[in-house]
Structures are given as structure tokens and as C-alpha cells.
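Worksheet for the structure shown next.
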Amino acid sequence: MVKKLNDWCDIAWIIFICATGVVAAAAAAVFWNTMPLGAQGAVLVAVIMPFHVLEEWKFPGGLHIFYNVLLGPKEAEKRELDRFPMSRLTDMITNIGLQWIPLIYLVLCWITDLSNAVSLCMLLLCFIEVLAHTGAGILTYCWLKKAGKRTIYHPGFATSWMLFLPAGIYLAVHLENVTGHDWLWAVILFLIMMLLCIVLTETPLKKWVVRQQKGMFAFEDAKYYEKYPSFWEK
């Protein structure tokens, strides 16, 4: 069972979210003009996520190195930079959640009056992605400029600015008649999404992963950060 899960966490799940993104994009192309704004925002996030994941994992990939250097153990002998605290398993669940929970929220836009709340929730996600990846890029630049780094780029930065930012701006421009009730529900929906995708996912699973045999759920290599080995010593 663990072996099958490990195999799923390689490339199969990325194909799955890409397929979901294609279906969501096709549906949006047909129904866009009749969709509430919240549903449009949810579809935008669902379509953007595959591109974002591909940048973080494959082209160029290597986000896990930044994450695990920043949040993992500082003692070299305790480090497993290829799978702790971010592993292929934890990141897979987080990213599938960040695609599918918006699609669940999309349904709420059709059956409730929460379209504005969902729009605000998706707007928050878009802008937080931009801020998080920009902050991470600036941090890695400060750490690595002596090693030859010349930009604030790091995996996830490009899709944050080129896709999440325009999506967030689109939602902000088209929002109308926002109330305190909308903001309250937006915060509730956002916290539920973060709780399910990050807190409840990573807290138990990251410890379970490191109890598995070495290499299980591990990333293959440092990808983008391969050219900055000094980063691993931070």
C-alpha cells in the first residue's frame, strides 16, 4: 500500500491535476458568462494550480529544498532535505486540496449567496501566493548572492506573478457590493482551506513519512537549487 502511494506521488497525481485543470478550463470556456464571480475565481485557481505545481516540481522544480532548509531541523545530522518537513506526499495532498477545495466552493456559489465570499477567498489565495513566493525569492537572493544568484526568482515565482496576480486583480476589479458578511465567510472559507490543505495534512503526515524507509516519498534532487549547494548549509 505504501509503495503504491509512493508511486502515485511521483507523476500520476500531477497528470491528475492537469487533467482536472483541462476539464475546468473547458467548462469555464462554455459557461463563463453565466458563472457567478466566485465560481469564476474558483475555476481560475483550479486551472492555475497545474502550472504552478509544474513550476514548483519540474520546471525548474526544487521548491522543497527552500521549504525544508527554512523549516526543517537546523542540525545537519537531523536533516532530510529531500522529504522533511515537505515530502512528495505532503505536497501532493496540499496541492490537490488547493485545486479541489475551490471547485467545491464553486458549487456553493450556485446554491448559496456566498459568491462574493468565495471571490474574496480566492483573491486572498492569489495574493498570498504572490507575497509568499516574492518573499521567498528575496530571502534566497539575500542568502545566495555571494554564490552568484542575480535575481529573486525561485520555483513558483513566475506562475505567481504571471497567473495568480492577474487572477486576483480580475476578482478585485469585478467585486461589487462587498459586505462584512462576505468578508466573514471569506475568512472562514479560507481558514477551512488552509486547515485541510496544510495544518491537518502536514502535521501528522510529515512525521509518518520519515518513519518510512529512507527515500520513500523523497524528491529526486534539488532541481533549481542544484547549482547553489551552499544553500543547503543555511
Side-chain angles (χ1 to χ4, degrees), residues 1-32 35 39-68 80-107 122 125-126 129 132-133 153-167 193-194 196-198 200-202 204-206 208-209 212-226:
M1 182 64 180
V2 175
K3 177 64 166 59
K4 290 182 178 179
L5 184 58
N6 182 62
D7 292 341
W8 165 259
C9 292
D10 185 18
I11 192 67
W13 78 275
I14 296 179
I15 295 173
F16 171 73
I17 68 164
C18 287
T20 301
V22 169
V23 172
V30 174
F31 299 108
W32 186 262
M35 295 171 68
Q40 291 179 348
V43 165
L44 286 172
V45 169
V47 172
I48 290 170
M49 281 307 300
F51 294 99
H52 195 55
V53 166
L54 286 170
E55 184 187 4
E56 291 180 339
W57 274 55
K58 299 293 184 181
F59 310 108
L63 174 70
H64 65 284
I65 289 293
F66 167 79
Y67 190 98
N68 291 345
E80 290 192 48
L81 295 182
D82 59 352
R83 65 171 185 168
F84 184 80
M86 178 187 283
S87 66
R88 287 189 293 117
L89 176 62
T90 58
D91 203 39
M92 176 273 294
I93 294 176
T94 295
N95 284 306
I96 285 182
L98 289 177
Q99 183 183 56
W100 277 84
I101 290 176
L103 293 177
I104 293 172
Y105 288 174
L106 179 151
V107 177
M122 297 300 105
L125 176 61
C126 289
E129 286 282 0
H133 283 280
Y153 176 81
H154 94 129
F157 181 92
T159 45
S160 292
W161 277 87
M162 296 172 66
L163 298 176
F164 277 120
L165 181 60
M193 185 165 59
M194 293 300 101
L196 294 175
C197 292
I198 299 176
L200 293 180
T201 297
E202 291 197 1
L205 282 181
K206 65 186 179 184
W208 179 80
V209 166
Q212 307 309 306
Q213 67 184 59
K214 195 168 181 63
M216 195 66 72
F217 303 111
F219 291 88
E220 290 182 3
D221 54 56
K223 297 287 188 180
Y224 176 76
Y225 288 108
E226 198 74 50

Correct closest heavy-atom pair for Phe164 and Cys126 would be O-CB, 3.3 Å
CH2 of Trp100 to CE of Met193, rounded to nearest 0.5 Å, is 16.0 Å
Output for pair (Leu125 CG, Tyr105 OH), nearest 0.5 Å, gives 10.5 Å
Output for pair (Lys223 NZ, Glu55 CD), nearest 0.5 Å, gives 13.0 Å
Rounding to 0.5 Å, atoms CH2 (Trp57) and CD (Glu220) come to a distance of 10.0 Å
*Flag the pair Glu80 / Ser87 as yes when at least one side-chain heavy-atom distance between them is below 4.5 Å, and no otherwise.*
no
Worksheet entry | Side chain to side chain, Leu63 and Tyr224, heavy atoms closer than 4.5 Å | no
Pair up each side-chain donor or acceptor in residues 11-18 with any protein partner under 3.5 Å, not counting sequence neighbours, and list the distances.
from  : atom 1 : to   : atom 2 : distance (Å)
Trp13 : NE1    : Cys9 : O      : 3.4

Exercise. Determine whether Cys197 and Ile93 make a side-chain contact, defined as any pair of heavy atoms from C-beta on separated by less than 4.5 Å.
Key: no
By salt bridge (Lys or Arg N to Asp or Glu O under 4.0 Å), Asp7 pairs with (sequence neighbours left out) Lys3
Closest non-hydrogen atoms of Ile48 and Ala167, given as atom of the first, atom of the second and distance, are CD1-CB, 3.8 Å
- Between the side chains of Arg88 and Asn6, is a donor N or O closer than 3.5 angstrom to an acceptor N or O? yes
Would Asp91 and His64 satisfy side chain to side chain contact (heavy atoms under 4.5 Å, CB included), going step by step from the backbone distance to the final call? CA-CA 9 Å; Asp91 203 39; His64 65 284; over 6 Å; no
Taking every heavy atom of Pro166 against every heavy atom of Leu163, the minimum-distance pair comes out as CD-O, 3.3 Å
Please test Met216 against Leu89 for side chain to side chain contact (heavy atoms under 4.5 Å, CB included), starting from the C-alpha separation and ending with a verdict. CA-CA 9 Å; Met216 195 66 72; Leu89 176 62; over 6 Å; no
A side-chain contact here means heavy atoms from C-beta on lying under 4.5 Å apart; do Met92 and Trp8 qualify? yes
CE (Met49) and OG1 (Thr94) are apart, to the nearest 0.5 Å, by 9.0 Å
Between Gly21 and Gln99 the two heavy atoms that sit nearest each other are N-NE2, 3.6 Å
(Q) Does any part of the side chain of Val209, heavy atoms only, come nearer than 4.5 Å to the side chain of Phe84, both counted from C-beta? (A) no
All heavy atoms of Ser160 vs all of His52, minimum pair found to be OG-CE1, 3.4 Å
Flag the pair Leu44 / Met122 as yes when at least one side-chain heavy-atom distance between them is below 4.5 Å, and no otherwise.
no
Are any of the side-chain heavy atoms of His133 and Glu56 separated by less than 4.5 Å? yes
Heavy-atom nearest pair, Ala46 first then Leu103, reads CB-CD2, 3.7 Å
Quiz prompt | Distance flag, aromatic centroids of Trp208 and Phe217, threshold under 6.0 Å | solution = yes
Taken to the nearest 0.5 Å, the spacing of Thr20 OG1 from Ile96 CD1 works out to 8.0 Å
